[in-house]
Amino acid sequence: MTRKGRFLSLLSAVLLLGAVAAFAVHHAAEQAGGRGRPQLRGPAVADGRVWLAAPAGAGRRMIFRSTAHGSHRDELASVPAERPDAQRATSGLKCLRFSAAGGTGICLQSAPGPLRAGYRAVVLDERLNERRSFPLPGVPSRARVSPSGHLVAWTVFVSGDSYGATAFSTRTSILDTRTWKLKDNLEEYDLKLDGSWYRSLDVNVWGVTFGDDGHFYATVSTRGQTYLVAGDIAAHTLTTVHSNVECPSLSPDGTRIAYKKRVPGLPADAPWRLYVLDLRTMAETATAEHSNVDDQAVWATGTTLVYAMPGKSGTDLWTVPADGSGTPQRLASAASAPAFIG
């Protein structure tokens, strides 16, 4: 290449880099300027205070991940629980999965890396300040906090990316926020299946829901079957309770489990319906939600369930009575991963 040719090539490269830099600055300015402005037909948003403890006299609040398009996408947002369509106070903190209880929050989020992006679990205090973070070995899937706030749990996909896939693997961890002791793989617990101790290389555990600081429920899968298991943290054991249960959620009084159940005859890519199991009688009740539910439901009250369904901006939150009555109602658009505070 001639000297003139090399000069022209260098000049072109410099101009290209300058254009890219100018676009990046302009895009960042637009994003910053768009904060607090609702997108077309989107929910009203504003920078605000989002805490995991409701101020005195403020009433119950719903904190959730906002999925509305725009500069606030994926941020934790807050609205009055009784007015879910009110203007959203957004926190600036982005999460892919979220849960909170007892003044403790858990935020599973993306983490930039030198070669490729990864993920991390961030434990939050009641003002959303980071207390401690832990690297994650896969894609965030589920998260839960015990009622006291002392324990947090998370599940990630370490291969595959869907519970509907024919082959996937999960990793579920429990962290004690008092000692920062981490049990990073619940598959190492001893499993008692149908009354006998059981071992298999294909065991997967996911979807923890806490009873107290010593006990929890979760899903175990093995040999193509899923089970509700009761977990004992001190004994490091899992004991099967009921079959065909996925992503359990324990009711506030500890007597019922909401879960997604595979119903024979439904399409392979949409096999689940939302059910409730009475732990005293083992009676199952189908909710009035007849669409496919691929979520770990949340108990908004002792009688009402909230869960995510596909929507125009990712997911919407829906609600239905836990006793099989009523009809599903849309609770909030462009939202997921709710927690009820206060």
(message) Which label fits H236 and Y189: parallel for a plane angle under 30°, tilted from 30 to 60°, or perpendicular past 60°?
(response) parallel
(request) Identify the two heavy atoms, one from G48 and one from A89, that lie closest to each other, and give their separation to 0.1 Å. (result) CA-CB, 4.1 Å
(request) Establish, from distance only, whether the side-chain atoms of R273 and Y259 form a donor-acceptor pair under 3.5 Å. (result) no
(message) Would you compute the distance between atom CG of D212 and atom CG of L250 and round it to the nearest 0.5 angstrom?
(response) 9.5 Å
(request) Answer yes or no: is there a side-chain heavy-atom contact under 4.5 Å between C95 and L108? (result) no
(request) Ignoring hydrogens and angles, tell me if any N or O in the side chain of W299 forms a donor-acceptor pair with the backbone of S249 under 3.5 Å. (result) yes
(request) Report yes if the side chains of V139 and V156 come closer than 4.5 Å at any heavy-atom pair, otherwise no. (result) no
(request) Verify, without hydrogens or angle tests, whether K94 (side chain) and R73 (backbone) share a donor-acceptor contact under 3.5 angstrom. (result) yes
(message) Which heavy atom of T177 sits nearest to which heavy atom of G149, and what is that distance?
(response) OG1-O, 3.3 Å
(message) Between R199 and E187, does any side-chain N to carboxylate O distance fall below 4.0 Å?
(response) no
(message) Please determine whether a side-chain nitrogen of the Lys or Arg among E246 and R262 lies less than 4.0 Å from a carboxylate oxygen of the Asp or Glu.
(response) yes
(request) Under the side-chain contact (heavy atoms from CB on, under 4.5 Å) rule, what do R131 and T104 come out as? Steps first, then yes or no, please. (result) CA-CA 10 Å; R131 297 179 61 192; T104 297; 4.1 Å; yes
(message) Strictly distance-based, threshold 3.5 Å: is any side-chain N or O of Q296 a donor or acceptor partner for the main-chain N or O of A258?
(response) no
(request) Could you check if a side-chain atom of S169 sits within less than 4.5 angstrom of a side-chain atom of F157, using non-hydrogen atoms only? (result) no
(request) State the CG-CD1 distance between L151 and I106, to the nearest 0.5 angstrom. (result) 12.0 Å
(request) Decide yes or no for P43 and D85: does some side-chain heavy atom of the first lie under 4.5 Å from some side-chain heavy atom of the second? (result) no
(message) Could you check whether D184 pairs with R171 (Lys NZ or Arg NE/NH1/NH2 to Asp/Glu carboxylate O, under 4.0 Å)?
(response) no
(request) Calculate, to the nearest 0.5 Å, the distance between atoms CG and CE belonging to L274 and M309 respectively. (result) 9.5 Å
(request) May I ask you to check whether S66 and H72 show a side-chain donor-acceptor distance below 3.5 Å? (result) no
(request) Taking all heavy atoms of S110 and all of L96, pick out the closest pair and write down the distance. (result) N-CD1, 3.9 Å
(request) Please round to the nearest 0.5 Å and tell me the distance separating atom CG of N204 and atom OG1 of T226. (result) 11.5 Å
(message) Would D316 and S333 count as a side-chain hydrogen bond (donor to acceptor under 3.5 Å, both in side chains) here? Give the steps.
(response) CA-CA 4 Å; D316 298 336; S333 62; 5.0 Å; no
(request) Measure from the side-chain N and O atoms of T90 to the backbone N and O of G92, and report whether any donor-acceptor pair falls under 3.5 Å. (result) no
(message) side-chain contact (heavy atoms from CB on, under 4.5 Å) for K261 and V276? Distances and angles first, verdict last.
(response) CA-CA 9 Å; K261 175 181 178 177; V276 174; over 6 Å; no
(message) Any side-chain to backbone donor/acceptor pair from T319 onto V306? Under 3.5 Å, distance only.
(response) no
(request) Please assess R223 against Y198 for the test side-chain hydrogen bond (donor to acceptor under 3.5 Å, both in side chains), listing each intermediate value before the final yes or no. (result) CA-CA 12 Å; R223 298 182 181 178; Y198 175 86; 3.2 Å; yes
(message) Do V229 and L193 make a side-chain contact, defined as non-hydrogen atoms from C-beta onward lying under 4.5 Å apart?
(response) no
(request) Assess the side chains of S78 and R61: does a donor N or O sit below 3.5 Å from an acceptor N or O? (result) yes
(message) With side-chain contact (heavy atoms from CB on, under 4.5 Å) as the criterion, how do L238 and V220 come out once you've worked through the C-alpha distance, each side chain's angles and the decisive distance to 0.1 Å?
(response) CA-CA 9 Å; L238 302 170; V220 159; 4.1 Å; yes
(request) Would you kindly confirm whether V263 and M282 end up in one hydrophobic cluster when ILVMFWY residues are joined by side chain heavy atoms under 4.5 Å apart? (result) yes
(message) Show, in sequence, the C-alpha distance, side-chain angles and deciding distance for S141 and T155, and conclude whether the side-chain hydrogen bond (donor to acceptor under 3.5 Å, both in side chains) test is met.
(response) CA-CA 5 Å; S141 172; T155 297; 5.9 Å; no
(message) If I take atom CD1 from residue I233 and atom CG from residue D213, how far apart are they, to the nearest 0.5 angstrom?
(response) 7.5 Å
(message) With clusters defined by side-chain heavy atoms of hydrophobic residues (ILVMFWY) lying less than 4.5 Å apart, directly or transitively, does W154 cluster with V145?
(response) yes
(request) Over all heavy atoms of both residues, which pair between V79 and A86 is shortest? Give the atoms and the distance, please. (result) CG1-O, 3.7 Å
(message) Within the structure provided, determine whether N292 and P271 are in side-chain contact (heavy-atom separation under 4.5 Å).
(response) yes
(request) Would you kindly say whether T237 and D232 are connected by a side-chain donor-acceptor distance under 3.5 Å? (result) no
(message) A side-chain contact here means heavy atoms from C-beta on lying under 4.5 Å apart; do Y307 and P328 qualify?
(response) yes
(request) Take atom CZ of R83 as the centre, draw a 6.0 Å sphere, and report whether it contains more than 12 heavy atoms from other residues, nucleotides or ligands. (result) no
(message) Connecting only ILVMFWY residues whose side-chain heavy atoms lie within less than 4.5 Å of each other, what is the rest of L52's hydrophobic cluster?
(response) V50, I63, L76, L93, F98, V122, L124, L128, I341
(message) Check for me, please, whether W180 and L182 land in the same ILVMFWY cluster - side-chain distances under 4.5 Å, paths through other members count.
(response) yes
(request) Output yes when a side-chain donor or acceptor of S251 lies under 3.5 Å from a complementary backbone atom of T255, and no otherwise. (result) yes
(request) Determine, using the 4.5 Å side-chain heavy-atom cutoff (strictly less than), whether I257 and W272 are members of one ILVMFWY cluster. (result) no
(request) Could you pull out the closest heavy-atom pair between D295 and A308, with the gap in Å? (result) OD2-N, 2.8 Å
(message) Please determine whether a side-chain nitrogen of the Lys or Arg among E75 and R65 lies less than 4.0 Å from a carboxylate oxygen of the Asp or Glu.
(response) no
(request) Kindly give the heavy-atom pair with the smallest separation between S336 and L317, and that separation in Å. (result) CA-CD2, 3.8 Å
(message) Do T315 and F64 have side chains that approach each other closer than 4.5 Å (heavy atoms only, starting at C-beta)?
(response) no
(request) Find the distance between OH (Y275) and CG (N244) and round it off to the nearest 0.5 Å. (result) 9.0 Å
(message) One thing to verify: whether R88 and D47 come together as a salt bridge, which I'm taking to mean a side-chain N less than 4.0 angstrom from a carboxylate O.
(response) no
(request) Evaluate the criterion salt bridge (charged side-chain N to carboxylate O under 4.0 Å, His left out) for residue pair E130 and R120; output intermediate values, then yes/no. (result) CA-CA 12 Å; E130 180 177 327; R120 66 176 191 152; 3.2 Å; yes
(request) Start with the C-alpha distance between R256 and D323, add both sets of side-chain angles, then the distance that settles salt bridge (charged side-chain N to carboxylate O under 4.0 Å, His left out), and finish with yes or no. (result) CA-CA 10 Å; R256 290 155 294 159; D323 63 1; over 6 Å; no
(request) Determine whether V203 and L186 fall in the same hydrophobic cluster, where Ile, Leu, Val, Met, Phe, Trp and Tyr are linked whenever their side-chain heavy atoms lie under 4.5 Å apart. (result) yes
(request) Look at R127 together with D125 and state whether they make a salt bridge at an N to O cut-off of under 4.0 Å. (result) no
(request) Determine, stepwise, if the pair T222 / Y227 fulfils side-chain hydrogen bond (donor to acceptor under 3.5 Å, both in side chains). (result) CA-CA 9 Å; T222 182; Y227 301 88; over 6 Å; no
